[in-house]
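Whatever order the structure lists them in is the order used to number ligands and atoms, beginning at 1. Everything numeric here is computed off the predicted structure, so don't read it as measured data.
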Amino acid sequence: MSFPENRMRRLRRSESMRALVRETSVEPGDLIYPLFICPGEGVRREISSMPGVFNLSVDEAVREAELAASLGVGGLLFFGLPASKDEQGTGAWAEDGIVQQALRAIKSSSASKKLVLIGDVCLCEYTSHGHCGLITETRDGWTVQNDPTLELLGKTAVSQALAGADVVAPSDMMDGRVAAIRSALDKAGCSDTPILSYASKFASAFYGPFREAADSAPQFGDRKTYQMDAANLREAMREIDLDLAEGADMILMKPAMPYLDVVHAARQRVDVPIGAYQVSGEYSMLQAAFEKGWLDRDRAILESLLGMRRAGADFIVTYFALEAARLLG
Ligand code: PBG
C-alpha cells in the first residue's frame, strides 16, 4: 500500500497518538551518573571543560548520591583523584583509597538502596605516568605491560567490591583482564559481584575533558596500543566475544554518539545487557552549544539519550543523568 491510501502523518497528529506508537523510551532508572571523588571535606570544584560536573570530596559525594537517588537515577560510576600518585597506581587498590572511602560512605547511606554502585577499575587516575597499566622501558622507548597489570586490576576490583561496589567496571583495555578480575573476585569471596566490561573502548578524542576531570592524561605517548582504533567495527565484536567468554556479565560501549553503529551491532549479536557511555567530549560539546544558544538544551539532552537507547543500549552512563532525570520526572 502506498500514497494516498497510506498516510504516515495519521499517527503523528497529536501528542497522545505519538505517545501511543512511540517505540523507545528513556527512564531515569536507565541512567548512570559518574562521580569524581577527591580528597578533602566540603570540596565541590567545577571542572572547567565540563560545566556542571564537579570533583567532589566524600561528604559532598554522599549528598550528590542522595540527590541522584531521589531523582530515580539507576546508578553511580566512581572515579578517583588520589592525593598522590605513583608508578604502580597504588591508590587504585588501597583499602583507604579515595574511591573505596566514597563507596563505604555511600553504601552506608540511605541512597545506596536505590542506586547500583559501580567502581571504574583502571590505573590511569592513580599512576604518575597516567597510563592504564604498568610501564616498562624497551629498546624502542616504553610499553604498557599487559600481564603484570592484570594482577593489579584484580586487586583493585576486589578492594572496590569489599568497600561496597555492587558492580566493577574495568576500563583499562588490557587483554585478559575480565578473566583475571573474575578469578580474583571469586577467590576473595565476591563471586556475586558482576563485571561490566568496557568491551569496546576506542582511542577517542572525545575523552579530552575527562582527563582534566580525573587528572589522568598520559604524561607521554597515547593510549593507542591498548584502546581500539576508531575505524574498526569487526574488532569491536571480537572484543565483546572475548570479554563474554572470560565471564563479563554486561558490556559497556564507549564513546556513544560517534559509535552508535557499534552499539547497534553489539545489540544484534549478544543478549547480555549493554550500556552506552556518553563520554565527556560528547557532554562538553553539547554544553558549549547550549552556552552559545545554538541548541535547545532540554530537547537535545533527551534526544541524544534516546538515540543511544534506539541503537540498542539498555542503560546509559551520562554526565546529564541528574538533569535528564529531572526532565523525565
Ligand atoms: C579510564 C577512563 C577514561 C574514561 C573512562 N574511564 C579515560 C581514558 O580512557 O582516557 C573516559 C570517560 C569520559 O571521557 O567521559 N581509563
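The backbone and the side chain of Ser280 each have at least one atom closer than 4.0 Å to an atom of ligand 1 (non-hydrogen atoms only). Looking at Tyr283 against ligand 1, nothing comes within 4.0 Å, counting heavy atoms. The backbone and the side chain of Ser171 each have at least one atom closer than 4.0 Å to an atom of ligand 1 (non-hydrogen atoms only).
Ion pairing between a basic and an acidic side chain is recognised when a charged N comes within 4.0 Å of a carboxylate O; Asp166 and Lys107 show such pairing. At a threshold of 4.0 Å, the pair Arg63-Asp59 does not count as salt-bridged, since none of the basic side-chain nitrogens sits closer than that to a carboxylate oxygen. Ion pairing between a basic and an acidic side chain is recognised when a charged N comes within 4.0 Å of a carboxylate O; Glu15 and Arg22 show such pairing. A salt bridge links Glu64 and Arg44; the closest N-O separation between the charged side-chain nitrogens and carboxylate oxygens is under 4.0 Å.
The main-chain N or O of Asp215 is never found under 3.5 Å from a side-chain atom of Arg211 such that the two would form a donor-acceptor pair. Looking at Asp296, its side chain does come within 3.5 Å of a backbone N or O of Asp298 through a donor-acceptor pair. A donor-acceptor pair under 3.5 Å is absent between the side-chain atoms of Arg182 and the main chain of Ala248, judged by distance alone.
Set against the non-hydrogen atoms of Gln227, the atoms of ligand 1 under 4.0 Å away are 8 (C), 9 (O). Those atoms of ligand 1 that come under 4.0 Å of a heavy atom in Phe79, given as number and element, are 5 (C), 6 (N). When each atom of ligand 1 is checked for a heavy atom of Tyr319 under 4.0 Å away, the hits are 12 (C), 13 (C), 15 (O). Below 4.0 Å from some heavy atom of Arg223 lie the following atoms of ligand 1, by number and element: 8 (C), 9 (O), 10 (O). Interface of Tyr277 with ligand 1, defined as ligand atoms under 4.0 Å from a residue heavy atom, comprises 12 (C), 15 (O). Listed by atom number, the atoms of ligand 1 under 4.0 Å from Asp120 heavy atoms are 6 (N).
Closest to atom 10 (O) of ligand 1, if we only count protein heavy atoms, is Arg211 NH2, 2.6 Å. Considering only non-hydrogen protein atoms, atom 12 (C) of ligand 1 sits nearest to Phe210 CD1, 3.3 Å.
Among the atoms of Tyr198, none of the N or O lies under 3.5 angstrom from an N or O of ligand 1. Taking only nitrogen or oxygen atoms, main chain and side chain alike, Lys254 reaches within less than 3.5 Å of ligand 1.
Ring orientation note: the planes of Phe36 and Phe79 are close to parallel, at an angle under 30° on the 30°/60° scale.
Aromatic ring centres of His129 and Trp142 lie farther apart than the 6.0 Å criterion allows.
The shell of residues lying under 4.0 angstrom from ligand 1, judged by heavy atoms, includes Lys201. The shortest separation from a heavy atom of Cys124 to ligand 1 is under 4.0 Å, placing the residue in contact.
With no hydrogens or angles considered, a side-chain donor-acceptor pair links Ser304 and Gln278 at under 3.5 Å.
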